Q: 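The structure is given below, and queries will be raised subsequently.
Values below: all heavy atoms of this structure, side chains included; hydrogens, waters and symmetry mates excluded. Keep in mind it's a predicted model, so treat the numbers as computed, not measured.
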Amino acid sequence: MKDKPEITSIFPIPIYTVNYGNIDKELELVKQMSFTEPFFNFNRSTQDFYILNKIEFSSLKKFLLDNLKIYAKIVLETSEELYITQSWANQIKKGMVHHEHIHPNSIVSGVLHLSKEEKLPPIQFSKNVFDSIQLKRNKFNLFNSSDFNISIKSGKLILFPSNLRHSVPVNTHNKERYSLSFNTFAKTLGMEENLTFAKY
């Protein structure tokens with residue numbers, strides 16, 4: 001009897017989600033902040049790129065750091081401690097998009113959805129490798145899809161590798177879409193005893 005074929009998924013990309021709960025207070029704080037002027041139809045970002053350093057966000061920041069510890073432990077399986085570097089909020093008005101991008105100089109990035117309207121555009125993740133030849137697909141699955149959307153929900157936190165391409169499609173609704181984003185780094189990276197050098 002012939003063996004049955006097996007399909008193995010290698011190098012899977014982890015998308016970690018968890019809900020913070022009521023985010024009304026933080027949303028109102030963000031709405032009062034100063035935002036950059038829009039470039040073409042792109043999103044607006046807060047002028048302050050370290051908003052999580054504000055005392056008003058201390059409870060939220062603790063929640064984010066606690067989940068970064070879980071991510072490091074169960075996904076990366078490392079005892080390295082991740083800390084938050086930059087943090088900012090995004091605003092997407094009707095007709096605006098958030099262009100496709102990655103977060104350089106970061107290990108794990110996070111997005112916390114603030115808006116309550118669940119019909120607002122999702123966050124879209126895209127494959128880092130472009131398929132030069134694409135066949136017609138009868139059904140999309142994890143192996144043949146080039147994009148993956150995660151719908152927004154107020155208080156939903158998403159953690160993902162910083163080199164993963166992501167974007168937000170055009171906002172066709174009258175409501176503004178708000179989110180909070182942040183980057184991370186490891187405390188021990190850069191220390192000479194932890195640097196790896198190639199040996200030939």
Q: Show the nearest heavy-atom pair for residues Glu176 and Ser115, with the distance to one decimal.
A: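 Closest heavy-atom pair between Glu176 and Ser115: O-OG, 3.4 Å.
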Q: Among pairs that include at least one residue of residues 63-74, which meet side-chain hydrogen bond (donor to acceptor under 3.5 Å, both in side chains), considering only residues two or more places apart or in two chains?
A: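 The answer is Tyr16-Asn67, Lys62-Asp66.
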Q: How long is the span from the CG atom in Leu112 to the CG atom in Leu60, to the nearest 0.5 Å?
A: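 Answer for the CG-CG pair, Leu112 versus Leu60, is 5.5 Å.
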Q: Hey, does the side chain of Ser167 reach the backbone of Glu100 with a donor-acceptor pair shorter than 3.5 angstrom?
A: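 The answer is no, because no donor-acceptor pair under 3.5 Å joins these two groups.
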Q: Does Thr46 reach the main-chain N or O of Asp48 with its side chain, forming a donor-acceptor pair under 3.5 Å?
A: yes
Q: When you compare the side chains of Asn90 and Ser181, does any donor N or O come within less than 3.5 Å of an acceptor on the partner?
A: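 Yes, a side-chain donor-acceptor pair sits under 3.5 Å.
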Q: Could you list the donor-acceptor pairs under 3.5 angstrom formed by side chains in residues 151-158, with sequence neighbours left out?
A:
from   : atom 1 : to     : atom 2 : distance (Å)
Lys156 : NZ     : Ser151 : O      : 3.2

Q: Please give me the minimum heavy-atom distance between Asn163 and Asn128, naming the atom from each residue.
A: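 Minimum heavy-atom separation between Asn163 and Asn128: O-ND2, 3.0 Å.
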Q: How many angstroms lie between CG in Leu120 and NZ in Lys94, if you round to the nearest 0.5 Å?
A: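 It comes to 12.0 Å.
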Q: In terms of hydrophobic clusters joined by side-chain contacts under 4.5 Å, are Leu29 and Ile55 together?
A: no
Q: What distance do Lys116 atom NZ and Tyr178 atom OH have between them, rounded to the nearest 0.5 Å?
A: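 The OH atom of Tyr178 is 14.0 Å from NZ of Lys116, to the nearest 0.5 Å.
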Q: Minimum heavy-atom separation for Met96 to Phe42, with atom names?
A: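 Taking Met96 first and Phe42 second, the nearest heavy atoms are SD-O, 3.5 Å.
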Q: Would you give the length of the straight line joining atom CZ of Phe35 to atom CD of Gln91, rounded to the nearest 0.5 angstrom?
A: 5.0 Å
Q: Tell me if the CG atom of Asn105 is crowded by more than 12 foreign heavy atoms within 6.0 Å.
A: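 At most 12 heavy atoms, drawn from other residues, nucleotides or ligands, come within 6.0 Å of this atom.
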Q: Return the minimal non-hydrogen interatomic distance between Ser9 and Phe143, and the atom names on each side.
A: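 Smallest heavy-atom distance, with atoms named: CB-CE2, 4.2 Å.
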Q: Treating Ile, Leu, Val, Met, Phe, Trp and Tyr as nodes and any side-chain heavy-atom pair under 4.5 angstrom as an edge, say whether Trp88 and Tyr50 lie in one connected cluster.
A: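 Yes; Tyr50 is reachable from Trp88 via cluster members.
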Q: If you define the side chain from C-beta out and look only at heavy atoms, does anything of Asn174 sit under 4.5 Å from Glu117?
A: no
Q: Might you work through the side chain to side chain contact (heavy atoms under 4.5 Å, CB included) test for Asp147 and Phe125, ending with a clear yes or no?
A: CA-CA 6 Å; Asp147 300 300; Phe125 294 101; over 6 Å; no
Q: In this structure, would Leu52 and Leu68 fall into the same cluster of hydrophobic residues linked by side-chain contacts under 4.5 Å?
A: yes
Q: Rounded at 0.5 Å granularity, tell me how far CD1 in Ile10 sits from CD1 in Ile7.
A: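 Interatomic distance, Ile10 CD1 to Ile7 CD1, rounded to 0.5 Å: 13.0 Å.
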Q: Heavy atoms only: give me the nearest Lys25-Glu56 pair and the separation to one decimal.
A: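 Nearest pair, atom of Lys25 first, then Glu56: NZ-O, 3.9 Å.
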Q: Go through the steps to decide whether Val30 and Leu114 satisfy the test side chain to side chain contact (heavy atoms under 4.5 Å, CB included), and finish with yes or no.
A: CA-CA 9 Å; Val30 165; Leu114 302 175; 3.8 Å; yes
Q: Side chain to side chain contact (heavy atoms under 4.5 Å, CB included) for Thr85 and Thr184? Distances and angles first, verdict last.
A: CA-CA 5 Å; Thr85 54; Thr184 67; 5.7 Å; no
Q: Does the side chain of Asn183 pick up a donor-acceptor pair with the side chain of Ser109 at under 3.5 Å?
A: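 Short answer, yes.
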Q: Between Asn53 and Lys61, does the side-chain hydrogen bond (donor to acceptor under 3.5 Å, both in side chains) criterion hold? Intermediate values first, please.
A: CA-CA 8 Å; Asn53 289 343; Lys61 187 173 183 179; 3.3 Å; yes
Q: Calculate, to the nearest 0.5 Å, the distance between atoms OG and CZ belonging to Ser126 and Phe148 respectively.
A: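 Ser126 atom OG to Phe148 atom CZ measures 12.0 Å (nearest 0.5 Å).
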Q: Which word best sums up how the rings of His101 and His98 line up, parallel for under 30°, tilted for 30 to 60°, or perpendicular for over 60°?
A: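 Parallel, since the angle between the ring planes stays under 30°.
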Q: Step through the shown structure and confirm whether more than 12 heavy atoms of other residues, nucleotides or ligands are within 6.0 Å of CD on Gln134.
A: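 More than 12 heavy atoms, drawn from other residues, nucleotides or ligands, come within 6.0 Å of this atom.
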Q: Could you tell me whether the side chain of Pro14 reaches within less than 4.5 Å of the side chain of Pro161, counting heavy atoms only?
A: yes
Q: Assess the side chains of Asn43 and Lys93: does a donor N or O sit below 3.5 Å from an acceptor N or O?
A: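 No donor-acceptor contact under 3.5 Å links the two side chains.
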Q: Is there a side-chain contact between Ile84 and Leu65, using heavy atoms and a 4.5 Å cut-off?
A: yes
Q: Does the side chain of Leu64 reach to within under 4.5 Å of the side chain of Phe182, using non-hydrogen atoms?
A: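 Yes - at least one pair of side-chain heavy atoms lies under 4.5 Å apart.
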Q: Given side chains that start at C-beta, do those of Val168 and Val97 come closer than 4.5 Å, heavy atoms only?
A: no
Q: Centres of the His103 and His166 rings: under 6.0 Å?
A: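 Yes: the rings meet the under 6.0 Å criterion.
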Q: Which heavy atom of Ile92 sits nearest a heavy atom of Asn171, and at what distance?
A: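 Scanning both residues completely, I find the closest heavy atoms to be O-ND2, 3.1 Å.
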Q: Any donor and acceptor pair, going by atom type alone, linking the side chain of Ser146 with main-chain N or O of Lys127 inside 3.5 Å?
A: no
Q: Check step by step if side chain to side chain contact (heavy atoms under 4.5 Å, CB included) holds for Glu26 and Lys31.
A: CA-CA 9 Å; Glu26 289 81 2; Lys31 286 182 176 180; over 6 Å; no
Q: With the 4.5 Å side-chain cut-off for hydrophobic clustering, are Ile13 and Val129 part of the same group?
A: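 No, because Ile13 and Val129 fall into different hydrophobic clusters, even though each may have its own neighbours under 4.5 Å.
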Q: Sequence neighbours excluded, which residues qualify as ring pair (Phe, Tyr, Trp, His ring centres under 6.0 Å) partners of Phe140?
A: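 Expected list: none.
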Q: Ignoring hydrogens and geometry beyond distance, is a side-chain donor-acceptor pair present between Glu81 and Tyr83 at under 3.5 Å?
A: no
Q: Donor-acceptor pair, Thr36 side chain versus Ser45 backbone, under 3.5 Å?
A: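 Present.
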Q: Are Tyr20 and Ile70 grouped together when hydrophobic residues (ILVMFWY) are joined by side-chain heavy atoms under 4.5 angstrom apart?
A: yes
